[in-house]
Participant: 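Okay, handing you the structure first.
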Amino acid sequence: MLRFAGALLTVFLTALLPGANAQEAKPLPHEDERYKADIMVVVAHPDDEAAVTPYLARALDEHRRIAVVFGTRGGSGSNEAGAEQAAALGDVREIEARSALETLGINNVWFLSGKDTATQDVLVSLGNWDHGETLEQLVRLVRLTRPEVILTFLPGTFRGEDHGDHQASGVLSTEAFDLAGNPTVFPEQVAGPMKRLEPFLENLRPWQVKKIYYFPDADREDIFRGKGPSYSVKEVSKLGNKPYWRMALDAFRAHQTQAKSYLDKIAQMDEAQIEKLATSEDGWGEDQHFVLGKSLVGGSVTGDIFEGITPGAIPYARPDMAPEPARPDLSVELGGPWSFYGEFRRAHGLTNLPHPEPPEIALEGPGTLVVPLRIRNQTAKAHDVTLTAALPAGWTAENGTGKFTVAAKQTSAARVEVKLPAPADKAEKKAEPQEVTVRAEANGQIIGEVKLRVELRKRALPE
Ligand SMILES: [Zn+2]
């Protein structure tokens with residue numbers, strides 16, 4: 001009996017001794033190659049993909065694998081094809097988006113759980129999207145599809161459609177770019193189950209995306225030119241045997257809820273008429289412009305999107321955070337989405353990202369412009385700060401001007417509300433943006449000025 005126990009002990013010790021009877025290490029199971037992407041496109045609504053489908057048609061010629069992520073199902077949009085609204089419309093639009101991309105041969109298509117939000121304010125969109133939840137979903141998809149490059153809307157406030165949801169897709173993408181390679185971010189995604197009944201651990205690997213490019217949703221694109229590569233859409237695709245713009249238009253035909261009347265009109269035309277209308281009036285023939293956000297693999301600003309990219313993983317790169325700008329002890333600045341974007345660019349090392357200066361916005365008139373302000377008092381005593389507004393003729397400050405006491409070491413929030421008139425009659429040319437200036441004075445001196453260029457429109461709220 002004792003001898004038997006001794007033999008057992010010997011077997012046990014042998015198993016523990018390194019080198020003796022070494023076991024074969026079990027390799028980690030590898031990722032599912034079917035979902036590996038070279039390009040991940042992140043947009044907000046079904047049909048937003050049309051902003052890049054002409055480029056995607058080119059990328060397919062270059063044998064790039066493409067994944068597309070939609071932040072929402074587009075339930076707040078209009079419906080030209082049927083009665084369905086809200087969540088039901090979202091279900092229909094999901095299928096439209098999948099069909100559109102299937103036309104190009106792309107089926108690596110995903111949806112986050114964000115809710116379509118009719119706003120121009122990115123913060124409102126992020127709130128309604130459950131920012132944390134949708135970011136976690138996007139980080140998961142980056143780790144699952146392992147893209148080399150992300151293409152997304154430019155995060156910023158501009159005159160243009162400038163949908164808050166479009167901006168939100170650019171914000172989430174930038175965050176996911178900086179987080180997905182960090183194994184301590186959503187660690188349950190990168191942990192693997194150790195035993196049965198741990199079905200909550202996802203067994204993904206961290207993944208560092210190499211480059212991120214943006215496409216602006218602004219009317220005036222001059223400040224973005226030369227900040228990234230441009231591509232002609234008129235060349236003929238080797239795979240599709242049609243110009244890239246034409247392949248994009250073919251794909252767009254799936255979006256009946258959004259554009260049935262336009263698509264019906266196109267369906268009645270011959271090829272020459274389609275080419276004339278689509279490329280001269282509807283923008284399908286315009287070059288595609290991108291803005292380089294960041295590259296971790298070098299390459300030139302205007303060089304090809306894949307310049308500098310070689311296959312394989314690269315190490316996680318912590319973003320370079322720019323230092324906080326120096327401010328006088330008593331200062332005033334724009335708050336709301338404008339101050340958010342200033343901090344966002346700084347936190348994500350996007351200090352070269354173009355943004356209009358002075359900041360701008362397009363608004364519906366008649367209506368109200370809210371100018372959110374932050375007044376900082378870093379001095380050791382309270383100060384009386386007087387806010388005045390210099391406005392275009394016919395615009396009136398309704399609220400928020402006058403004298404405020406800001407305590408020592410305090411940052412105060414203020415808001416100036418400006419009543420906007422109706423825009424000038426349609427007979428006139430598109431109205432030039434007007435400048436609104438809010439001036440802050442203390443102790444008889446101007447401590448700061450905030451400027452905003454505002455374009456009045458008959459209709460400005462995005463859908
Ligand atoms: Zn959209």
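Every number for a ligand or one of its atoms is a count from 1 in the order of the listing.
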Participant: Taking the Zn ion (ligand 1) as the reference point, name the nearest N/O/S atom of D48.
Facilitator: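 For D48, the N, O or S atom at the smallest distance from the Zn ion (ligand 1) is OD1.
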Participant: For the Zn ion (ligand 1), what is the closest N, O or S atom on H166?
Facilitator: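 Of all N, O or S atoms in H166, the Zn ion (ligand 1) lies closest to NE2.
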Participant: Tell me which N, O or S atom from H45 is the closest to the Zn ion (ligand 1).
Facilitator: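 H45's closest N, O or S atom to the Zn ion (ligand 1) is named ND1.
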Participant: Does the pair R318/D178 count as a salt bridge with the N-to-O cut at 4.0 Å?
Facilitator: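 The answer is no: the pair does not qualify as a salt bridge.
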Participant: Ring centres of W284 and F252 under 6.0 Å apart?
Facilitator: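 Judged by ring-centre distance (under 6.0 Å), W284 and F252 do meet the cut-off.
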Participant: Check for me whether R64 meets the cation-pi criterion with F306, that is, NZ or CZ under 6.0 Å from the six-membered ring centre and within 45 degrees of the ring axis.
Facilitator: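 So R64 does make the cation-pi contact.
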Participant: Less than 6.0 Å separating the ring centroids of Y55 and Y213?
Facilitator: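 No - the distance between ring centres of Y55 and Y213 does not fall below the 6.0 Å cut-off.
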